[in-house]
Amino acid sequence: MKTTSRLYFLLAWLHSVVLERLRFTPVGWTKSFQFSEADQRCAMDSIDEWVDRVAKERLNVRPEQLPWDAIQTSLEIVIYGTVQRFLIPTLIPSHNLP
């Protein structure tokens with residue numbers, strides 16, 4: 001299985017949590033935000049970029065070789081915006097990553 005497949009699965013889970021939380025906007029967030037498949041596609045492209053930099057034409061990469069901090073930061077700030085600055089570290093704390 002290609003490394004990105006596993007990361008895509010984790011991203012799909014994260015994206016579904018974000019979309020589910022939108023159903024409870026008054027409780028979940030103080031205002032409504034729009035997230036869509038475009039956000040997920042951008043996140044997948046970001047993951048591809050980071051994995052390709054490390055993989056260098058290989059299909060699989062050891063988890064400890066991936067730049068987890070960079071991937072988390074790109075998801076947290078660039079893709080899902082600062083609204084997620086508390087949610088993403090809670091769901092995917094960097095100390096739990098390989």
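- Nearest heavy-atom pair across Trp68 and Pro63 is NE1-O, 2.7 Å.
- Note on Leu7 and Phe9: separate hydrophobic clusters, where clusters join Ile, Leu, Val, Met, Phe, Trp and Tyr whose side-chain heavy atoms are under 4.5 Å apart, directly or indirectly.
- Listed for the Arg53 side chain is no donor-acceptor partner under 3.5 Å among the backbone atoms of Trp50.
- Counting all heavy atoms, side chain and backbone alike, Asp48 lies closest to Arg41 at OD2-NH2, 4.1 Å.
- Here Asn60 contributes atom CG and Gln65 contributes atom CD; the two are 10.5 Å apart, rounded to the nearest 0.5 Å.
- In plain terms, the two heavy atoms of Met44 and Leu11 that are nearest each other are CG-CD2, 3.4 Å.
- Distance check: Tyr8 OH to Gln40 CD gives 10.5 Å after rounding to the nearest 0.5 Å.
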